[in-house]
2 protein chains.
Amino acid sequence: MGKVKVLAFSVSLDGFGAGPGQDLDNPLGIRGGEVHAWSVTTAAFRKLHGSEGGREGVDSAFIARSFENVGAWVMGRNMFGPIRGPWPDHSWEGWWGEEPPFHVPVFVLTHYARPTLAMSGGTTFYFVTDGARVALERAKEAARGKDVRIGGGVATVREYLAADAIDEVHLAFAPVMLGTGEPLFAGIDLPKLGLTVAQATAGEEAFHVVLRR
Amino acid sequence: MGKVKVLAFSVSLDGFGAGPGQDLDNPLGIRGGEVHAWSVTTAAFRKLHGSEGGREGVDSAFIARSFENVGAWVMGRNMFGPIRGPWPDHSWEGWWGEEPPFHVPVFVLTHYARPTLAMSGGTTFYFVTDGARVALERAKEAARGKDVRIGGGVATVREYLAADAIDEVHLAFAPVMLGTGEPLFAGIDLPKLGLTVAQATAGEEAFHVVLRR
C-alpha cells in the first residue's frame, strides 16, 4: 500500500511556504522564489525539466527521491497554472510544457470543471471539482499501490495535513526569512498528527527535515 | 560601540522557543527541553557551568562564541529563576548557582524590586522594574563598549525585536517540531526590521542561522 507524501516542500525559516502578494506575475509571492531557489539549481531538477547541468549533492538527491515511487499527484489549481476564475480556454495546458515532469496521473483541485488533459510522457491532468477528499481517493486508486504525492500550494498541503491524510512530509528549509507570507504551520500541530522528525540533514542550500508517522 | 545580540537562541522547526504549559517544574514548557538539548550536551556549555566532557564541534563553537565580547546581559525574570509574584525571600539567588556563567552585569526584567545581588566570579544581578528600554540603556552603559546579550525567555526576545533594538540574532533550530508552545516569530517581521540571513551552518544537533542588520 502506498503512502501519501508531501515531498521537497520549500519553506522559509520563519515558516512561510510562499511570500505575500501572490499573483500571476508572482505565483510564489514576493520573495517566494528565494525559498525555492535551492531546488531549481539542482541537477535533478534540471534533468526532470529536460535540461542539463545543475548542482549534484544532497539537495539534488532529495529532489530525485521526491519523484521516486510516485504513482499519482494531487495539486492545487495554482500549481497547474495560476489562472483565476473560470478557465478562459480549455486549450491552455498549464505551465509545465508539452511534456510535464510528472509522468503519472495528476489530480488538480479546482472549482471549474474541464475535460481531462493528456500530455506527452504519461502525465494526464484530471480536474477535480468534488473537493480534496475525493481527489485523494481518486489519486490513491490511480497510483495502484505506489505513493501519492501532494503538491503545492501551501493551502493544498495545509488542507491535507488538517485532514490527517499525510504519512510523510519532507520539508526543505531555505536559509531565508520572509517575515510575512503564507504560513505552513499556523494552527497545524504536526506532532499531534503523529508526524515526528525522522531525519534532519543539511544540504548545500537547504536544511532537509523528514517527518513520518 | 557594542551591538545588541540574541545568541544561541534555541527554536523548534515550527518556530517555538518554548513548549506549552511552562511552570516551575517545566520552565521551558512541555518538550521545551528537546529544543535546548543540542546546547547542554556541548563541551562549551559544560565548561561554562564548571563541568568537563561534552561534545566538541560546530554546536559547541557557537555556544562558546555566544559568550565572547559580552559586556552585559538583559534577561527576563524567568531566566533568573521562575518564581511567580513577589520575591518570597531576597536570599534566594536564582538557579545559576554561586558562580553564574555570566561574569558580567546582568539586568533582570521584573515587576518586583529587590536589592542588587553580587555573586562570585563577576556576575552581578540588577533587578530592573522600569521596563525593557531602561534595562537595555543600563546594560549598554554597563557593557562599556562591548556587546549586550539579550537572554530568554521568548517574551523578552520578542519585546526587544518588536522595539527594533536588536543588531544580531543567532538562532539554533533544533530538529524538533513542537506543534504548540510560545512562538518566536508570530507577528515579528525580521526582514522588515532589517535583519537578514548572513550565515547558515549545520551543526551536529542544530541548524544555526545568523541574522544581521
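For the numbers below, each heavy atom of this structure counts, side chains included, while hydrogens, waters and symmetry mates do not. By convention in this document, chain letters (A, B, ...) are assigned in the order of the sequence lines, proteins followed by strands, and residues within each chain are numbered from 1.
- Annotation: B:Arg213, atom CZ; neighbour count of heavy atoms from other residues, nucleotides and ligands within 6.0 Å is above 12.
- At a 4.5 Å heavy-atom cutoff, the contact between B:Val209 and chain A is made by side-chain atoms alone.
- Interface remark: of the candidates B:Val11, B:Asp14, B:Leu195, B:Asp14 forms the most heavy-atom pairs closer than 4.5 Å to chain A.
- The environment of B:Arg144 atom CZ is sparse: at most 12 non-hydrogen atoms of other residues, nucleotides or ligands sit within 6.0 angstrom.
- Residue contact with chain B, scored on non-hydrogen atoms closer than 4.5 Å, is absent for A:Thr196.
- Looking at A:Arg31 and B:Pro191, their side chains come closer than 4.5 Å, going by heavy atoms from C-beta outward.
- Within a 6.0 Å radius of CD in B:Glu141, no more than 12 heavy atoms belonging to other residues, nucleotides or ligands are found.
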A:Val176 and B:Val197: CA distance, side-chain angles, deciding distance, side chain to side chain contact (heavy atoms under 4.5 Å, CB included) verdict: CA-CA 6 Å; A:Val176 172; B:Val197 176; 5.5 Å; no
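- A heavy-atom distance below 4.5 Å is found between the side chains of B:Met177 and A:Leu171.
- For a residue to count as touching a neighbouring chain, one of its non-hydrogen atoms must lie under 4.5 Å from one of that chain's; by this rule A:Leu193 does not touch chain B.
- Residues A:Phe185 and B:Leu13 come closest through the heavy atom pair CE1-O, 3.8 Å.
- Distance check: A:Thr180 OG1 to B:Ile188 CD1 gives 13.0 Å after rounding to the nearest 0.5 Å.
- Relative orientation of the A:Phe173 and B:Phe173 rings is tilted, given thresholds of 30° and 60° on the angle between their planes.
- More than 12 heavy-atom neighbours from other residues, nucleotides or ligands sit within 6.0 angstrom of CZ on B:Arg65.
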